[in-house]
Trainee: 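Pasting a structure here, questions to come.
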Amino acid sequence: RGEGGYLPLAEELRRARAKGLCEEKLEAAEARLIDDDLPPAIALLEAALRAAEASHERLLQAHVLTRLGDAYREKGEFRIARDMHSRHLLLQGQQVEEGS
C-alpha cells in the first residue's frame, strides 16, 4: 500500500478494470450455463477467476470459485469441482481470520 494506506492510483485502476472484466466474463458464463453449454462456460469462468484474482476482491473470487466448482461438477469433473470448492472454503477462512 502507498502512503497513508492507500493504493497508488494505477493499482487501484488496474484492480477496478480486473473486477469489471470478471463481472463481464461471469455474465457471459451464466448465459452459457443457462444454455447447458458447459465447455465455453467453464472457459469463461476460468477467465473470470483470473480477473477476480487480479482484482484482489475475495468475495468475488469466492463467488467465481463456487460457480466454477458447480460447472465442473455438472460436467462430471468431480475432482476439479472439489478443488474449486476447497479453494472457496480456504478463501472464506482467510476472510474470517482477517475479520473482513
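Predicted model only: the values in this text are computed from it and were never measured. Only this structure's heavy atoms are used, side chains among them; waters, hydrogens and symmetry mates stay out. Positions are given from 1, in the same order as the sequence printed here.
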Trainee: Output yes when E53 and R87 qualify as a salt bridge under the 4.0 Å nitrogen-oxygen rule, no when they do not.
Mentor: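 A salt bridge is present here (some side-chain N lies under 4.0 Å from a carboxylate O).
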Trainee: Is there side-chain contact between L59 and L91, with heavy atoms separated by less than 4.5 Å?
Mentor: no
Trainee: With rounding to the nearest 0.5 Å, note down the distance linking NE2 in H56 to CD in Q61.
Mentor: 8.0 Å
Trainee: Under a single-linkage definition using a 4.5 Å side-chain heavy-atom cutoff for Ile, Leu, Val, Met, Phe, Trp and Tyr, are M84 and L44 assigned to the same hydrophobic cluster?
Mentor: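 Shared cluster, no.
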Trainee: Q92: what forms a side-chain contact (heavy atoms from CB on, under 4.5 Å) with it, not counting sequence neighbours?
Mentor: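 Checked Q92 against side-chain contact (heavy atoms from CB on, under 4.5 Å); matches are H88, L89, Q95.
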Trainee: I'd like a table of donor-acceptor pairs (distance under 3.5 Å, sequence neighbours excluded) in which one partner is a side-chain atom from residues 68-77, with atom names and distances.
Mentor:
residue	atom	partner	partner atom	Å
D70	OD1	R73	NH1	3.4
D70	OD1	R73	NH2	3.4
D70	OD1	H85	NE2	3.4
Y72	OH	E46	OE2	2.7

Trainee: Output all residues satisfying side chain to side chain donor-acceptor pair (under 3.5 Å) with E12, sequence neighbours left out; order by chain, then residue number.
Mentor: none
Trainee: To which residues is L13 joined in a hydrophobic cluster, defined by side-chain heavy-atom contacts under 4.5 Å among Ile, Leu, Val, Met, Phe, Trp and Tyr, whether direct or through other members?
Mentor: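 ILVMFWY cluster around L13 also holds L9.
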Trainee: Restricting to pairs with a member in residues 28-43, which pass salt bridge (charged side-chain N to carboxylate O under 4.0 Å, His left out), not counting sequence neighbours?
Mentor: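 Every pair satisfying salt bridge (charged side-chain N to carboxylate O under 4.0 Å, His left out) with a residue in residues 28-43: E30-R67, R32-D37.
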Trainee: Do L21 and L65 belong together in a cluster built from hydrophobic side chains that touch within less than 4.5 Å?
Mentor: no
Trainee: So how far is it from E23 CD to S55 OG, rounded to the nearest 0.5 Å?
Mentor: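 The CD atom of E23 sits 8.5 Å away from the OG atom of S55.
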Trainee: Could you list the residues that satisfy side-chain contact (heavy atoms from CB on, under 4.5 Å) with A48, not counting sequence neighbours?
Mentor: C22, K25, L26, V64
